[in-house]
Structures are given as C-alpha cells and as structure tokens.
Amino acid sequence: MSTQKKGYLGFLIAGGVASASGGSLLAMGLVYMWMGGLFQSMMDDIGGMPVPISGIFGAMGVGMAIGGGAALVVGLALLGTGVSKRNAYKASSTPQAGTATHWASAPATGREYPYSPAPTYGTISPPVASPPANSPAPRATRCPSCGEDLPDGLDATFCPSCGAPTR
C-alpha cells in the first residue's frame, strides 16, 4: 500500500456541487438579462415609459451570470483536480506490470489467508432413529410432574399420585 492519502472524494463532491450550482446560476442570470431587455423593449413599444424594474432584472441577471460563470469555472477545476488525484491514487495502489511482489511468487494453495476453524460451543449428537410406524408409543416409567414411579403393566394416562397426564 502506498503512503499517499486518498483525499480525492472531497474534490469530486465539492466540484460537483459547485458546477451544478454555478451552471444553474449562470442559466438564470442569462434568463434575467433577457427578461430585462424584453421588459424594456415592451415598454418602449407602449409609449416609451421608463420602467425601473427592467433595470433591476438586467442588473440581477448580470450579477448572476458573472457569479454563475465563476462558480462553474471553480467547480470544473475542482472536478479536474479530484479526477487527477483519483487516477494517481489508483495508479500507485495497483502493482505495475513486470514488478514481482512477495506473494505473487508463492505457490497457490487455494486460500489467501490461513484457515482456522470456528470454535466449538457444544457437540452435535447424531439424529435419533424414529420408531417404526406400527410399534407402540414408548411408555413412561416416571411421572413428568411429580417424579413418582408409575405402576408397571398398566398403560396409565394419568399419574395415580398427582393426577398429571403422563403423555
């Protein structure tokens, strides 16, 4: 990795914002200058009555056009600087053709990083075989509720000591 800092993203963002705002400001300045001339010519046709608002439109248009043009030039310069810094960064961070690096001469093992298995947090037991479909259900020998022994030989559905269901 090179020691050169990236730092081109700020230039690209600032250049894009300045170019977009400068371009729209320049366009609106030209529209205002045209409107000032249009209003003045309309008033001349009516009777030559001077309208101060047409001068205001013209003055605003000239100011906006000058400011927009300057912002557009600055924005394009910032964009150019950002693109050249990005190209320089990309050229310095990629190895040139014909230059050997220490990892390129090593034999390929199929892995880029050494393998280390994940830590085990428990054991996985093998699956329990399910009983055949025609075999009877397993019979409980102790009550799941109170833990007392269930009577042998009887298929009790309730515990005789506490009355809890056994299935």
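All values reported here derive from a predicted model rather than from experimental measurement.
- Between the OH atom of Tyr89 and the CG atom of Leu9 there is a distance of 11.5 Å, given to the nearest 0.5 Å.
- Under a hydrophobic-cluster definition in which Ile, Leu, Val, Met, Phe, Trp and Tyr are linked whenever side-chain heavy atoms come within less than 4.5 Å, directly or via other members, Leu76 and Phe11 are assigned to different clusters.
- No path of Ile, Leu, Val, Met, Phe, Trp and Tyr side chains, each step under 4.5 Å between heavy atoms, connects Ile66 with Val73, placing them in separate hydrophobic clusters.
- Side-chain atoms of Ser19 do not come within 3.5 Å of backbone N or O of Gly16 as any donor-acceptor pair.
- In plain terms, the two heavy atoms of Gly22 and Ala71 that are nearest each other are CA-CB, 3.6 Å.
- Two different hydrophobic clusters hold Tyr8 and Leu78 under the rule that ILVMFWY side chains link at heavy-atom gaps under 4.5 Å.
- Note on Leu30: it clusters hydrophobically with Val62, by side-chain heavy-atom contacts below 4.5 Å among ILVMFWY residues.
- Residues Met64 and Leu26 are not in side-chain contact: their nearest non-hydrogen atoms beyond the backbone lie 4.5 Å or more apart.
- Val74 and Met28 end up in different hydrophobic clusters when Ile, Leu, Val, Met, Phe, Trp and Tyr side chains are linked at under 4.5 Å.
- Between Cys162 and Cys159 the shortest heavy-atom distance is N-SG, 3.6 Å.
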